[in-house]
Amino acid sequence: MPETPTLHPETQTHLAAFQRGAVDLIDEVELSTLISAALHAGRPLRVKFGMDPSSPDLHLGHAIPLMTLRDLQALGHCIVLIVGDATAMVGDPSGRNKLRPVLTREQVEANLVTYTDQAARVLDMSKTEVRRNSEWFDGMGFEDLLQLTTRMTVSQMLERDLFRRRMEQSEPIGINEFLYPLMQGWDSVEVDCDVELGGTDQLFNLLVGRRLQEQKGQRAQCVRTHTLIDGLDGRKMSKSYGNAVGLMDSARDMTFGVMRLDDTLMGIWFAHLTRVPAEEVARLLAGHPREAKARLAFEVTAFFHSAEDAEAAAGAFDREVRDKALPEDLPEHSWAGDWGQSLALPNLIAKLGLAPSTSEARRLIKQGAVRLDGEVASDPTSSLAEPDSAVLLQVGKKRFARILPR
RNA sequence: GGGGGAAUACUCAAGCGGCCAACGAGGCCAGACUGUAAAUCUGGCGGCCACGCCUUCGCAGGUUCGAAUCCUGCUUCCCCCA
């Protein structure tokens, strides 16, 4: 980013908060003017951020913009969180090549609660303005809707690469999906937005806001996009890929999760999810990757939990994974009455939930993944007799159970 | 309104009427190796009272000794023309 030496230092500080981690910043000059004007007038900027009410489980990918919003909040700006309850009934086409399922109002409300609970781990919700866009869309009549649609043409819509791609691949595009960018843009008009934040996949939608505001005679909002963070394995982070670390995860899960991160992604994670100074990050990355990652895991975990919890989790990781010791809180199961004198090993494993089916359990046994008191049990036809003392059953590296006598 | 296509396991995607629990890829699981990963190598991925049995290829029927493969109807989607 080119420094602009003529800026007032305070303006510079505020601008830096927007710049940090930004991919697109439209337009930087506009924004710095806006900032200094706001500072001068002693008014906060209205920074809009739309939540996606269709996926209530937040993960670290979602934390990236929230961290920025947090910084802005600390600088005194006003965060306007838009709950797209009206848009949710349209279905956001972003990032999906398929039509999205449409949500009901009830689902949206339920998701909103979960969402804000989670966002509160990063943001000060008491200082956050939460608006539902049904506030203005519910009252809109058919004529107003038509008016809205006249503001853009089909070819303008098709500029969006996602739509174009879907056209080319003969995949369906619902007419309602064209409404989505318009609605999102209209939100900006309604809340008199100064700056809108969104993922890089949102750029098109964000720019529609500029267009609509100008058409309505408002000052066009500035737009700032952030990286969509990759998941642990480099693919887009998503719960459905199982490569995500959730914001509500326990300190332990968070630490263990981050430690699974691909080495090459550590730099990005440091930059976006921690506020460790850049020089220090560089130093860490130059050192042993394991140390760097341990630090990353600590920073992230400590932020969402506490330094103590993070340390404890790090300790557990070292013991259990590095030193291959047993976890401290092994699930314990007593020998059940209806298991008889002895039970076939595959069935036992399935009953304890260590494998989804006896068939799967058999495979695991054949592959040498199962240990009884540390001894590999590789015969799927073997069975375990009711024990007189605790027996340790291990399936793979992560699944354990202690079987106790009745 | 007319015409032409498509529906297969988590995803993508093969599949001559028998040799199909169904090629392949991704993904996932396990083992080895490691710095926790990644990469690499190996094996596996419907279920069960398990050398056998049962249920799968959009849904419902039918033809056949035998169907994911043929026929009929239905449902959903896509494309083209109007």
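Letters A, B, ... mirror the listed sequences (proteins, then strands); counts begin at 1. Both backbone and side-chain heavy atoms feed into the values below; hydrogens, waters and symmetry mates do not.
Anti is the conformation of B:C20, whose glycosidic angle sits further than 90° from 0.
Of the C1' atoms belonging to B:C78 and B:C70, the separation is 25 Å, rounded to the nearest Å. Atom P of B:A25 sits at a distance of 13 Å from the matching atom of B:G44, rounded to the whole Å. As rounded to the nearest Å, B:G61 and B:C57 have P atoms that lie 12 Å from one another. Nucleotides B:C23 and B:U69 are separated by 15 Å at their C1' atoms, to the nearest Å. Using P as the reference atom, B:C65 and B:C59 are 25 Å apart when rounded to the nearest Å. Using atom C1' as the reference point in both B:A32 and B:A39, the two lie 14 Å apart (nearest Å). Comparing the same atom, C1', in B:G66 and in B:C20 gives a spacing of 13 Å after rounding to whole Å. Going from the P atom of B:C28 to that of B:A67 covers 37 Å, rounded to whole Å.
Note: NZ (A:Lys293) to P (B:A38) measures 9 Å, nearest angstrom.
Looking at which nucleotide of RNA chain B each of A:Val321 and A:Lys397 is closest to, the 5′-most match is held by A:Lys397.
Checking the phosphate oxygens (OP1, OP2) of B:U34, no side-chain nitrogen or oxygen of A:Arg290 falls inside 4.0 Å. Within the 4.0 Å cut-off from OP1 or OP2 of B:G31, not a single side-chain nitrogen or oxygen of A:Lys366 is found. Checking the phosphate oxygens (OP1, OP2) of B:G31, no side-chain nitrogen or oxygen of A:Arg363 falls inside 4.0 Å.
Put simply, the side chain of A:Gln367 and the base of B:G31 share no donor and acceptor less than 3.5 Å apart.
Under the 6.0 Å cut-off for aromatic ring centres, A:His14 and A:His77 qualify, their centroids lying closer than that. If you look at A:Phe204 and A:Phe163, their ring centroids are not closer than 6.0 Å.
Here A:Arg371 lies out of heavy-atom contact (under 4.0 Å) with every strand. A:Phe317 comes within contact range of the sugar-phosphate backbone alone, with a heavy-atom separation under 4.0 Å but no base atom that close.
Under the Watson-Crick or G-U wobble criterion, with both distances below 3.5 Å, B:U34 has no partner in any strand shown. Pair assignment for B:G1: B:C81, on the basis of Watson-Crick or G-U wobble contacts that are both within less than 3.5 Å. The base-pairing partner of B:U63, taking Watson-Crick or G-U wobble contacts with both distances under 3.5 Å, does not exist among the strands shown. Base pairing analysis places B:C23 opposite nothing; no Watson-Crick or G-U wobble pair with both distances below 3.5 Å involves it.
In the set B:G46, B:C29, B:G31, B:G31 carries the atom at the smallest distance from any side-chain atom of A:Ala369. If you check B:A30, B:G35, B:A38 against the side chain of A:Asp262, the one that comes closest is B:A38.
For A:Arg252 and A:Phe256, the positive end sits near the middle of the six-membered ring, less than 6.0 Å away and at most 45° from its axis.
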Using a cut-off of under 3.5 Å, enumerate the N/O to N/O pairs linking the protein to nucleotides 48-50 of chain B.
residue	atom	partner	partner atom	Å
B:C48	OP1	A:Thr358	N	3.3
B:C48	OP1	A:Thr358	OG1	3.4
B:C48	OP2	A:Thr358	N	3.1
B:C48	OP2	A:Thr358	OG1	2.8
B:C48	OP2	A:Ser359	N	2.8
B:C48	OP2	A:Ser359	OG	2.9
B:C48	O5'	A:Thr358	OG1	3.2
B:C49	OP2	A:Asn347	OD1	3.2
B:A50	N6	A:Thr358	OG1	2.9
B:A50	N6	A:Arg362	NE	3.3
B:A50	N1	A:Arg362	NE	2.9
B:A50	N3	A:Arg362	NH1	3.4

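For the 3.5 Å distance criterion, the side chains of A:Asn133 and A:Trp186 fail to qualify, holding no donor opposite an acceptor. For A:Glu196 and A:Ser188, the side-chain atoms include at least one donor-acceptor pair closer than 3.5 Å. Remark: the A:Asn111 side chain and the A:Thr114 side chain contain no N/O donor-acceptor pair separated by less than 3.5 Å.
Of the possible polar contacts, none joining the A:His226 side chain to the A:Leu197 backbone as a donor-acceptor pair under 3.5 Å is found. For A:Arg46 (side chain) and A:Val191 (main-chain N/O), a donor-acceptor pair under 3.5 Å exists by modelled atom type.
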